[in-house]
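A short write-up of the structure that comes next.
We number each residue from 1, following the sequence as shown. Indexing begins at 1, ligand by ligand and atom by atom, following the structure's order.
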Amino acid sequence: MEAFVIEGPTRLSGQVTVSGSKNAALPMLFAAILFKDEIKFTNVPRLWDVQTTLKILEEMGCQTQWDKDTGTVSILSSIKSPKAPYELVRQMRASILTLGPLLARCGEAEVSLPGGCAIGARPVNYHLEAMKKMGVDVRVDEGYVRAKVNTFQSSEYVFPQVSVTGTENVMCLAAAISEKTVLQNAAAEPEVVALGEMLVQAGANIEGLGTSTLEIRGSSNLKLENPVAIIADRIEAGTWIAASMITRSPLVIDQCDASHLDTVLSIFRSMGAAIEVSSDLTRLTVSPADSYQPIEIETQPYPGFATDMQAQLMTVACLAEGRSKITESIFENRFMHVAELQRLGASIEVTDRTAYVNGPVQFKGAPLMATDLRASASLVLAGLAATGTTKVSRIYHLDRGYQRLDEKLTALGARVKRISD
Ligand code: EPZ
């Protein structure tokens, strides 16, 4: 296993480039299963999860190429076996996103249930309920989803909770059938919209992208002429704003898409950061403040405050003058970073799904354990501001979702060393 050793306090300086979005890339790469011709992608981030995705596609019989330097991926999906085995699915829950495309392409699929992860049980019942209404026979046994298409039918499904990959999985299947599929309480995340736009370009008719109601009439002859560009990672961009605020360093953040950051920008501005947005929305210039205001926030589906930004916000809140209140409404166990931040000296109490953060504190370096992707990023940022040495173990969580964060931080002047632990 590897760890980061961070010397603090460190000021950052310069500009950082945001990579392609992990949560846009994964569903779009799996959606290549829908196409008989080769599909090309650009701006694909260099992540473990992308590696795992390509491995799963190859297991099924697809041919894949990945030029990590240019960030281009091409996939020729010839499916030999519509199966996603447990050994691979357990490495990455998003593999459930093979289900919709495999059913569209092969009429059947056998996909391991992803199982839970650190932040929650992560069930996929909404995915399966929606597909059943579309005419798919779905059975779950021995930890596998075994699904077979009967006769597709027009359907309407109301998601009991907004589900990002639930919307994506069902949208992929619906995009390939002529029957009409209506999804209510659908996810409106930019990553869902990007996938929808790719399917529209390929010939599907999707009304309502970016709203909570999708009306989809698909086509059995989806075709894509041009390469698909992966959108910028809004969570990485938000993480860099937090980094600037935590280390009190002015920072320029390039190749982002500020149109996906409205709530994040208003929250961090209300805490005291000055953030200038370039006219083409791709560059943020962040100037931190000497003191920050506390905040009251609840994580929500897009366009609300993203759960994937909750840990980073909490780290900033530790430095605010007063008591902040952060409620995690999306996942049942997404406060593992609290205990780790407390080891750095944070003053946080948790009741149910709400954390009360008292600040300001001066972090003091300590050995920490990363628990999930976004939490580990917030621990690294805290380590940058802490006096002394902070070691963050199990940083494989980070490598899953952030492209070489240590290299980007070092280029900004941070003292971060990757060691084997
Ligand atoms: C996606 O996960 C993201 N992952 C997550 O990012 C993100 O935190 C999450 O959406 C919320 O924005 C990818 O896009 C690959 P959900 P997903 O289905 O789709 C419940 C990261 O760090 N639910 O929107 O799995 C579920 O338990 C990751 O990059 C059901 O009960 O999340 C949760 O409470 C972490 N049954 C809520 O809905 C279902 O069938 C939202 O989950 C589906 C979901």
Side-chain angles (χ1 to χ4, degrees), residues 19-31 45 47-50 52-53 56 89 91-100 111 113-133 138 140 145 157-172 183 185-195 212 230-231 233-239 260 263-264 298-312 327-334 336-337 353 370-378 397-403:
S19 303
S21 158
K22 167 179 89 78
N23 289 352
L26 302 188
M28 291 164 101
L29 294 173
F30 281 129
L47 304 171
W48 273 113
D49 275 8
V50 170
T52 306
T53 299
I56 290 170
V89 173
Q91 291 174 33
M92 186 183 71
R93 300 191 55 269
S95 324
I96 191 66
L97 286 165
T98 54
L99 184 60
V111 177
L113 278 173
C117 72
I119 64 177
R122 312 294 294 275
V124 291
N125 52 325
Y126 304 155
H127 304 229
L128 308 183
E129 283 161 21
M131 290 178 184
K132 276 182 196 156
K133 295 194 81 169
V138 177
V140 175
V145 175
Y157 179 69
V158 183
F159 280 92
Q161 265 175 289
V162 171
S163 167
V164 172
T165 50
T167 304
E168 291 166 344
N169 222 347
V170 177
M171 190 164 66
C172 280
L183 301 177
N185 202 23
E189 273 67 2
E191 296 77 27
V192 176
V193 173
L195 173 67
S212 59
I230 305 296
I231 58 171
D233 192 318
R234 62 191 167 99
I235 305 300
E236 184 190 351
T239 305
H260 299 156
T263 307
V264 166
E298 191 177 327
T299 60
Q300 293 292 342
Y302 193 86
F305 190 78
T307 173
D308 292 350
M309 278 299 302
Q310 179 255 105
Q312 299 89 311
T327 300
E328 171 54 60
S329 323
I330 307 289
F331 289 111
E332 65 269 31
N333 185 32
R334 201 166 196 175
M336 270 86 52
H337 44 285
R353 288 197 175 189
T371 50
D372 68 279
L373 169 56
R374 306 301 171 182
S376 26
S378 69
H397 289 291
L398 259 178
D399 291 334
R400 286 192 46 196
Y402 286 94
Q403 178 166 321

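- Within the structure, ligand 1 has R93 among the residues with a heavy atom less than 4.0 angstrom away.
- With a heavy-atom cut-off of 4.0 Å, E191 does not touch ligand 1 at all.
- In this structure, atom 37 (C) of ligand 1 lies nearest to the protein heavy atom Q161 NE2, 3.6 Å.
- The closest protein non-hydrogen atom to atom 11 (C) of ligand 1 is T307 CG2, 3.8 Å.
- Both the backbone and the side chain of T165 come within contact range of ligand 1, each with a heavy atom under 4.0 Å.
- Of the N or O atoms in E332, none lie within a sub-3.5 Å distance of an N or O in ligand 1.
- Counting only heavy atoms of the protein, atom 18 (O) of ligand 1 lies nearest to S163 OG, 2.7 Å.
- Residue P123 places a heavy atom less than 4.0 Å from ligand 1.
- Proximity of V89 to I96: side-chain heavy atoms (C-beta onward) are nowhere separated by under 4.5 Å.
- In this structure, the side chains of Y157 and E129 come closer than 4.5 Å at one or more pairs of heavy atoms.
- With a 4.5 Å cut-off on side-chain heavy atoms, V170 and F159 count as touching.
- Scanning the protein for heavy atoms near atom 25 (O) of ligand 1, the closest one is R122 NH2, 3.1 Å.
- Checking H397 against D372 by side-chain atom types alone, no donor-acceptor pair falls below 3.5 Å.
- Among all protein heavy atoms, the one lying closest to atom 26 (C) of ligand 1 is F331 CE2, 4.2 Å.
- In this structure, E191 and R234 have side chains that are in contact, with non-hydrogen atoms separated by less than 4.5 Å.
- Contact atoms of ligand 1 toward H127: 40 (O) (distance under 4.0 Å to a heavy atom of the residue).
- By the 3.5 Å distance cut-off applied to N or O atoms, I330 is counted among the residues near ligand 1.
- What sits closest to atom 23 (N) of ligand 1 on the protein, heavy atoms only, is Y126 CE1, 3.6 Å.
- In terms of polar-atom proximity, defined here as any N/O pair under 3.5 Å, E189 makes no such contact with ligand 1.
- Under the 3.5 Å distance criterion, the side-chain polar atoms of T263 are left unmatched by any main-chain donor or acceptor of F305.
- N125 OD1, 2.7 Å is the protein heavy atom nearest to atom 36 (N) of ligand 1.
- By the 4.0 Å heavy-atom criterion, Q310 is excluded from the residues contacting ligand 1.
- Side-chain atoms of Q310 and Q312 form no donor-acceptor pair, as typed in the model, at a separation below 3.5 Å.
- Under 4.0 Å from ligand 1, the heavy atoms of D308 that appear belong solely to its side chain.
- Remark: the backbone N or O of V192 is not paired with any side-chain donor or acceptor of E189 at under 3.5 angstrom.
- Side-chain atoms of R400 do not come within 3.5 Å of backbone N or O of D49 as any donor-acceptor pair.
- Protein heavy atom closest to atom 4 (N) of ligand 1, with residue, atom name and distance, is N23 ND2, 3.7 Å.
- At distances below 3.5 Å, not a single donor-acceptor pair connects side-chain atoms of N333 with backbone N or O atoms of G120.
- The side chain of R334, and not its backbone, has at least one atom closer than 4.0 Å to an atom of ligand 1 (non-hydrogen atoms only; side chain from C-beta on).
- Proximity to V162 (heavy-atom distance under 4.0 Å) selects the following atoms of ligand 1: 24 (O), 41 (C).
- Looking at N333, D49, T299, V164 and measuring to atom 12 (O) of ligand 1, the nearest heavy atom belongs to V164.
- Heavy-atom contacts of K22 reach the following atoms of ligand 1: 21 (C), 29 (O) (cutoff under 4.0 Å).
- In this structure, R334 pairs ionically with D308, as a charged nitrogen and a carboxylate oxygen lie closer than 4.0 Å.
- In summary, the side chains of Y402 and E236 do not present any donor paired with an acceptor at a separation below 3.5 Å, with no hydrogens or angles considered.
- Looking only at distances, no side-chain donor or acceptor of E298 sits under 3.5 Å from a matching main-chain atom of Q300.
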